[in-house]
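Naming convention: chains lettered A, B, ... in sequence-line order (proteins, then strands); numbering from 1 in each chain. Note that the structure is a prediction, hence the values are computed from the model and not measured.
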There are 2 protein chains.
Amino acid sequence: MQLDPTDRKILTLLQDDAQLTIKEIASKINLSVTPVHERIKKLEKEGFIDKYVSLLNRRKLGKSLVVYCNVTLDKQRKESFEDFNQAIVNMSEVLECSVVSGNFDYMLKVIVEDGEAYNQFYQQKLSALKSVLHISSYFVISEIKYTTGIEVV
Amino acid sequence: MQLDPTDRKILTLLQDDAQLTIKEIASKINLSVTPVHERIKKLEKEGFIDKYVSLLNRRKLGKSLVVYCNVTLDKQRKESFEDFNQAIVNMSEVLECSVVSGNFDYMLKVIVEDGEAYNQFYQQKLSALKSVLHISSYFVISEIKYTTGIEVV
DNA sequence: CGCTAATCAGAAAAAAATACTGAATGCAAC
DNA sequence: GTTGCATTCAGTATTTTTTTCTGATTAGCG
């Protein structure tokens with residue numbers, strides 16, 4: 001399926017504010033509600049829109065510390081990767097985890113309450129995994145930018 | 001303001017699916033619509049809910065490559081950080097950017113179309129910034145986990 | 001006990017989403 | 001050229017949801 005400029009405008013609006021009513025969107029792009037509604041349903045069905053979420057304020061919820069981790073696995077063990085992946089998916093502290101190229105294996109983004117909580121997480125959860133060989137932690141001091149919005153060209 | 005278990009349930013539901021109707025939420029947590037509605041409005045006003053967004057499928061939109069970057073700035077120049085921050089905020093390829101502790105200064109998450117597009121971005125945008133001294137790039141090979149949902153305890 | 005504040009259910013009103021109808025347009029086949 | 005088909009749209013009707021309003025229940029407290 002090919003997106004036209006109207007679809008792109010709708011996607012751009014929705015990824016910034018999913019609470020916009022169809023009428024509001026219609027008004028912003030000079031259309032009536034019918035085509036806007038139909039297009040949104042189509043975009044959902046075709047998989048351009050993955051899901052609608054509300055973004056919570058992590059500080060308000062006591063998760064003030066963000067840490068990026070580089071993890072290297074013990075390549076000797078054949079099942080290392082599967083074991084590790086499985087474990088990571090079930091850790092609520094880990095928001096993002098990807099296999100990356102370079103001189104380590106995984107990049108993680110972790111959020112916790114504070115340094116003490118990270119120490120707990122590090123010692124009892126992450127480094128406790130048998131497949132883990134090495135971890136480097138980078139503490140976030142200041143968040144310059146965070147967005148879930150991607151450019152819709 | 002203090003959250004009670006009902007508030008936490010609502011937040012947990014909403015951060016996973018912001019399209020749930022108040023009636024559906026009410027039914028899931030055994031309440032009527034009135035208190036659910038009142039609580040959501042309160043949670044928005046108090047800042048526990050930052051915003052509602054739709055998450056788009058980046059592959060569908062041609063952004064197939066994710067790259068994490070470590071950037072080191074030239075500390076000699078006094079205005080380096082401000083200049084860099086300003087520039088980053090205006091780059092649509094950069095989804096996340098944070099100042100971090102450790103042997104480099106910034107951690108970035110970048111999404112682009114492919115390797116060629118990254119090369120373009122790297123050469124003409126990122127390394128073109130005067131304040132940038134060094135960049136290390138880590139290409140994402142496989143995304144194990146990605147979520148915007150944080151544990152609401 | 002009586003007062004107040006907080007929380008809730010249920011119903012009513014307002015607004016939104018969804019479904020339906022038909023008009024306008026573009027395009028391909030003949 | 002014109003017939004037929006598909007696409008896109010505006011306008012309206014219907015259904016569903018949100019929002020507001022009213023009053024009941026409960027818990028805390030002097």
Problem - Atom pair distance, as rounded to whole Å: NE2 in B/His37 and P in D/dT16 - result: 20 Å

Exercise for the section: Tell me whether B/Val110 is reachable from A/Val99 by hopping between hydrophobic residues (I, L, V, M, F, W, Y) whose side-chain heavy atoms are closer than 4.5 Å. Expected result: no

Completion exercise
Here the distance between atom P of C/dA17 and atom CD1 of A/Ile40, to the nearest Å, is 8 Å

Problem - B/Asp105 and B/Lys75 ion-paired at < 4.0 Å - result: yes

Problem - Contact state string [nucleotides 22-27 of chain D, B base, S sugar-phosphate only, - no protein heavy atom under 4.0 Å] - result: ------

Practice task
Taking only heavy atoms on the protein side, list every residue of residues 1-19 of chain A lying under 4.0 Å from any atom of DNA chain D, sorted numerically.
Solution key: none

Practice task
Give the intermediate values and the outcome of side-chain hydrogen bond (donor to acceptor under 3.5 Å, both in side chains) for residues B/Tyr68 and A/Glu96.
Solution key: CA-CA 12 Å; B/Tyr68 287 94; A/Glu96 304 180 21; 2.7 Å; yes

Practice task
State plainly whether one hydrophobic cluster holds both A/Met107 and A/Leu126, where clusters connect Ile, Leu, Val, Met, Phe, Trp and Tyr through side-chain heavy atoms under 4.5 angstrom apart.
Solution key: no

Exercise for the section: Look at B/Lys63 together with B/Glu113 and state whether they make a salt bridge at an N to O cut-off of under 4.0 Å. Expected result: no

Exercise for the section: Rounded off to whole Å, could you give me the NZ-to-P distance for the A/Lys42 and C/dA19 pair? Expected result: 16 Å

Check the interface with nucleotides 13-16 of chain C: list each N/O to N/O pair with the protein under 3.5 Å, or write none.
residue	atom	partner	partner atom	Å
C/dA16	OP2	A/Lys23	NZ	3.4

Exercise for the section: Find the distance B/Ile29:CD1 to C/dT7:C1' and express it as a whole number of Å. Expected result: 13 Å

Problem - Side-chain N or O of A/Arg39 closer than 4.0 Å to phosphate OP1/OP2 of D/dT8 - result: no

Exercise for the section: Check whether A/Val36 and A/Met1 end up in the same hydrophobic cluster, where Ile, Leu, Val, Met, Phe, Trp and Tyr are linked by side-chain heavy atoms less than 4.5 Å apart. Expected result: yes

Problem - Distance-only donor-acceptor check, side chains A/Gln19 and A/Tyr52, under 3.5 Å - result: no

Practice task
Please check if any side-chain donor atom of A/Tyr118 sits under 3.5 Å from a side-chain acceptor atom of A/Ser137, or the reverse.
Solution key: yes

Problem - A/Asn85 versus A/Tyr106, side-chain donor and acceptor atoms under 3.5 Å - result: yes

Exercise for the section: State which residue, out of A/Val53, A/Asp16, A/Leu56, fulfils the side chain to side chain contact (heavy atoms under 4.5 Å, CB included) condition with B/Lys51. Expected result: A/Asp16

